[in-house]
K.L.:
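Take this structure, written in structure tokens, and hold onto it; I'll ask about it next.
Note on naming: letters A, B, ... go to the chains in the order of the sequence lines (proteins, then strands), and numbering restarts at 1 for each one. For the numbers below, each heavy atom of this structure counts, side chains included, while hydrogens, waters and symmetry mates do not.
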Amino acid sequence: MAIINAPRGTRDILPSESWKWAYIINMASQTMKDFGFSEVHLPIFEHTELFSRGVGETTDIVEKEMYTFNDRGGRSITLRPEATAGVVRATLENNLCVQGASAKLWSWGPMFRHERPQKGRYRQFYQIDAECLGIAGAGADVEIISLTIELFRRLGLKNLEVVINSVGCEKCRPVYRQKLIEYFEGHKDELCETCLTRLDRNPLRILDCKNESCGHVADNAPDIYDSLCDECREHFAEVRKGLERLGFSYRLNKRLVRGLDYYTKTAYEILSGDLGSQNAVAGGGRYDNLASSIGGPKVPGVGFACGVDRVMIVMEEQGCSFGKMPAVDVYVAALGDDSRGAVQVLTYELRKNNIAAECDTSGKSFKAQMKAVGSCKFACIIGTDEIANHSVSVKNLQDGLQETIAYDDVTEYIKSRV
RNA sequence: GUGAGUGUAGCGCAAUUGGUUAGAGCUUCGGAUUGUGGUUCCGGCGGUUGAGGGUUCAAGUCCCUUCACUCACCCCA
């Protein structure tokens, strides 16, 4: 019988990598704390409706990428394809944003999208996510963008590009949408097949199409900046001013249309050239209508998601540091079977004192145990002599010098030296 | 969902135009005067060549099917 393997698009994060993941998450945690964001843990599955209404019925995510199933009660459940909808749901449900209060929340964990896997794209992938809810002003947008940039700065990522745009609001976007439809109607024969269906469903997405012919048509399409209402125009100007004040450089891309319907006003992405085709390490924007689209009051929000898998790829590619790999400091070796019990006792004693210690439990010979010390700093050796003297032979594995230490002093001896 | 490429030991690889019993290296395990690691030396374990079928005297090698992985399209983190 063939061995069962992990489902397509999933993978195991093994010891050789997991400590690097911990480094990234710890860095995120510290950065979030410095920016005043509080961590939340949310469900990995939600009612399907949350995403179909929140993310948008016509988005690729909802149309073809969700892991949806009926649970035993007949409810339609979906493994979260993104984090924002869940955070907004939790904020409303727990009244974190009532009476003018705002909430700054962050989270991290797995997301699920049924796509064909490739470099930097998995069916189960991990995102670090931050959301600022209840603040309509551009200051919140700037804070979120600066948070993203600062996280990457701390992680040591280089050669990133910040791309921003404004996609308008419920007042001005319909106007722009109509202009686009009128324009593209006149160039139907030059559009690709998918763009023809986008024409009446989501014409903004045509701007984003990478098809050459569509690109040429889109080059001459009406400019969104000519259609922005005063409020959106001013908001966008303030975001840009804020970014410049903080000394960030960025690129404007009026064709940046993100694949999720809930974005209003600010949309941005952070791109890396070291990722291959999937070049976004983070993306986000403002979503002032999301709360009301899932049945809540109108609560403005802005946030971002960062792909941990992709950050990892870029960091490896650029040779970034992940800090020190965790290592055991002390190896306790038994010389002769009679001392195996004493070895386990001493090992536990060291561990109780927060000293990382290891001993053999598989019956290895003394020689084999000594071979296993690896990168330890000290070896503690217990044989019949040591048991008789109530002592331990402690060998410094860096200089090879060995001392005999009274058993009761060993923990202190090691503690002061690791 | 579409396209291309790749599947040989735990890992990364080799095997002439199809030709004996598929090989080294690393890892692992054991050993080198029976109480002392990293280096070195010696040895052992390890494979239904992804799976199934076909062509052939003969298939890791050629053909078909299938599965998996990778990259790309699409879309995005």
K.L.:
For RNA chain B, list all stems, counting runs of three or more consecutive pairs where every pair is Watson-Crick or G-U wobble with both distances under 3.5 Å.
P.N.:
B:1-7 with B:67-73, B:28-32 with B:40-44, B:50-54 with B:62-66
K.L.:
Is any side-chain heavy atom of A:V299 closer than 4.5 Å to one of A:L92?
P.N.:
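Answer yes - side chains close enough.
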K.L.:
Using a 4.0 Å heavy-atom cut-off, write out nucleotides 35-47 of chain B from 5' to 3' as B (base contacted by protein), S (sugar-phosphate only) or - (no contact).
P.N.:
BBBB---------
K.L.:
Which word best sums up how the rings of A:Y126 and A:W21 line up, parallel for under 30°, tilted for 30 to 60°, or perpendicular for over 60°?
P.N.:
perpendicular
K.L.:
Regarding A:E316 and A:K20, does a basic nitrogen lie under 4.0 Å from an acidic carboxylate oxygen?
P.N.:
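Looking at A:E316 and A:K20, the cut-off is met.
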K.L.:
With C1' as the reference atom in both, quote the distance from B:C73 to B:C57 in angstrom, rounded to an integer.
P.N.:
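About 47 Å, rounded to a whole number of Å.
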K.L.:
For nucleotides B:A15 and B:A72, find the distance between their C1' atoms and express it as a whole number of Å.
P.N.:
32 Å
K.L.:
Please step through side chain to side chain contact (heavy atoms under 4.5 Å, CB included) for the pair A:F69 and A:S76, ending with a clear verdict.
P.N.:
CA-CA 6 Å; A:F69 59 94; A:S76 181; over 6 Å; no
K.L.:
Can you tell me how far P in B:G47 sits from the matching atom in B:C42, rounded to whole Å?
P.N.:
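Taking atom P in both B:G47 and B:C42, they lie 24 Å apart.
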K.L.:
With nearest nucleotides of RNA chain B determined for A:S365 and A:Q127 from heavy-atom distances, which residue corresponds to the more 5′ nucleotide?
P.N.:
A:S365
K.L.:
Give me the ring orientation class for A:H114 and A:Y67: parallel if the planes are under 30° apart, tilted from 30 to 60°, perpendicular past 60°.
P.N.:
tilted
K.L.:
Output one letter per nucleotide in nucleotides 67-74 of chain B: B when a protein non-hydrogen atom lies under 4.0 Å from the base, S when only the sugar-phosphate is that close, - when neither is.
P.N.:
-SS-SBBB
K.L.:
Base, sugar-phosphate or nothing for A:N279? Non-hydrogen atoms, less than 4.0 Å.
P.N.:
base
K.L.:
Mind checking whether A:C172 and A:S227 have side chains closer than 4.5 Å, heavy atoms only?
P.N.:
no
K.L.:
For the aromatic rings, using the six-membered ring if either is Trp, is the centroid distance between A:Y225 and A:F236 under 6.0 Å?
P.N.:
yes
K.L.:
For residues A:E115 and A:Y122, is any side-chain donor paired with an opposing acceptor at under 3.5 Å?
P.N.:
no
K.L.:
With rounding to the closest Å, how many angstrom separate the C1' atoms on B:C62 and B:U17?
P.N.:
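Here B:C62 and B:U17 have their C1' atoms 12 Å from each other.
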K.L.:
In whole angstrom, give me the gap between the C1' atoms of B:A24 and B:G43.
P.N.:
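Looking at atom C1' only, B:A24 and B:G43 are 16 Å apart.
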K.L.:
In whole angstrom, give me the gap between the P atoms of B:A14 and B:A9.
P.N.:
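Roughly 12 Å separates the two P atoms.
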K.L.:
Report the distance from atom CD of A:Q369 to atom P of B:G31, rounded to the nearest whole Å.
P.N.:
12 Å
K.L.:
Mark yes or no for whether A:R286, through its side chain, and A:T264, through its backbone, hold a donor-acceptor pair below 3.5 Å.
P.N.:
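No, the answer is negative, given that no donor and acceptor are paired below the 3.5 Å cut-off.
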K.L.:
Salt-bridge test for A:R153 and A:E150: reply yes if a basic N is under 4.0 Å from a carboxylate O, no otherwise.
P.N.:
yes
K.L.:
Tell me whether the NZ or CZ atom of A:R417 lies within the 45° cone about the ring axis of A:Y413 and under 6.0 Å from its centre.
P.N.:
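Yes, a cation-pi geometry.
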K.L.:
Do A:Y250 and A:R240 get their side chains close enough for a donor-acceptor pair, meaning under 3.5 Å?
P.N.:
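Yes.
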K.L.:
So A:A379, base contact, sugar-phosphate only, or nothing? Heavy-atom distance under 4.0 Å.
P.N.:
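The residue A:A379 makes no contact with any strand.
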K.L.:
Looking only at atom P, what distance separates B:C29 and B:G19, rounded to whole Å?
P.N.:
38 Å
K.L.:
Quantified in whole Å, what is the P atom distance between nucleotide B:A68 and nucleotide B:A51?
P.N.:
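These two P atoms come out 15 Å apart once rounded.
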